[in-house]
There are 2 protein chains.
Amino acid sequence: MAMETILFGALADASRLRMVELLRHGPLTVGEIAARLALRQPQASKHLRVLLDAGVVNVEADANRRRYLLRGEAFRALDGWLAAYLRLEDDRMARLADYVGGLHPGACRRGRTNEQDE
Amino acid sequence: MAMETILFGALADASRLRMVELLRHGPLTVGEIAARLALRQPQASKHLRVLLDAGVVNVEADANRRRYLLRGEAFRALDGWLAAYLRLEDDRMARLADYVGGLHPGACRRGRTNEQDE
DNA sequence: CATAAACATTCCTTGACAGGAATATTCCCT
DNA sequence: AGGGAATATTCCTGTCAAGGAATGTTTATG
């Protein structure tokens, strides 16, 4: 099965998506996640397992407890996949340049366009 | 259920993902899609129905046949959702400014950052 | 008007997945 | 060493979704 399919499958669940939203603010242990989402610990562990297998999160073993944290690489991969479809409308580029230009006023040099296709 | 969950669920299937990849090159009819993906027509119709409900595609009725095409709005929504997670690393912004700057050399004015959060 | 083409929808069956309860494992503390 | 906390895993069950086959619906064509 395709790489993206697994990633989308991992995110295609309400509880797991809430987990990801939670972890956006920083790493959390299983117990903390279960508590904040009103889940029972086994279900939390199982969902985290799916997210782990999909490469969405990582684990850091801290003695008794395990700290889960978001894995930026997965989101960057998704962004790369998405780029091909966002090119369908070019006007987006103007707004994007506007946005990024506001963050990095001095970064307006020209470069290669970082393309990869099927 | 959350909006994103439905979208991810629609993309969390190998056949549907292949359909999306196909439609990236332009609109196609059900028969064409079924033929190129070696699917039977009913399954193709069912999968397209899911993509339609999720807002991934649109339909244009052309007499006997129906032409399906990608709906950019869905991908832009995904991109908006993704933006919050890509901000985890700032270095991406530099590369993005580089990329966009190459496409729009004169678009480097400053603007608002278009934020929305939970 | 009858027939065929292009889709959509239904019914049925099977496999995958989520939730619950219980259990196993690892680690800290006294 | 014993007990308890934190986490992972297993078993079981119900539900949902995918695939197959058949059928319904609309539109063009002879």
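Computed over heavy atoms, backbone and side chain alike; hydrogens, waters and symmetry mates excluded. In the text below, chain A, chain B and the rest are named by the order of the sequence lines, each starting its count at 1.
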Sidechain-backbone polar pair: A/Asp13 side chain, A/Arg16 backbone, donor-acceptor under 3.5 Å: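 Yes, A/Asp13 side chain to A/Arg16 backbone: donor-acceptor pair under 3.5 Å.
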Judged by atom type as modelled, is there a donor-acceptor pair below 3.5 Å linking the side chain of B/Arg65 to the main-chain atoms of B/Thr29?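 The answer is no, because no donor-acceptor pair under 3.5 Å joins these two groups.
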Reading DNA chain C from 5' to 3', where do the contacts with chain A start and stop? Cut-off is 4.0 Å to heavy atoms.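 So the outermost contacting nucleotides come out as C/dA18 to C/dC28.
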Interatomic distance, [X] atom [atom1] to [Y] atom [atom2] [nearest 0.5 angstrom]:
X       : Y       : atom1 : atom2 : result
B/Leu86 : A/Asp79 : CG    : CG    : 4.5 Å
A/Leu48 : A/Met19 : CG    : CE    : 4.5 Å
B/Arg76 : B/Leu82 : CZ    : CG    : 15.0 Å
A/Phe75 : B/Trp81 : CZ    : CH2   : 5.0 Å
B/Ile33 : B/Leu23 : CD1   : CG    : 4.5 Å

Is a donor from one side chain sitting under 3.5 angstrom from an acceptor on the other, for A/Glu32 and A/Tyr68?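 Judged by distance alone, the side chains do not pair up.
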For each nucleotide in nucleotides 24-30 of chain D, reading 5' to 3', give B when a protein heavy atom comes within less than 4.0 Å of its base, S when such contact involves only the sugar-phosphate, and - otherwise. --BBS--
Per-nt protein contacts along nucleotides 10-19 of chain D (heavy atom under 4.0 Å; B base, S backbone sugar-phosphate only, - none) come out as B-------SB
Just wondering, more than 12 heavy atoms not from A/Arg67 lying within 6.0 Å of its CZ?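 Yes - once you tally the heavy atoms of other residues, nucleotides and ligands closer than 6.0 Å, there are more than 12.
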Is the closest side-chain heavy-atom distance between A/Tyr85 and B/Val56 below 4.5 Å?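 A side-chain contact under 4.5 Å is absent here.
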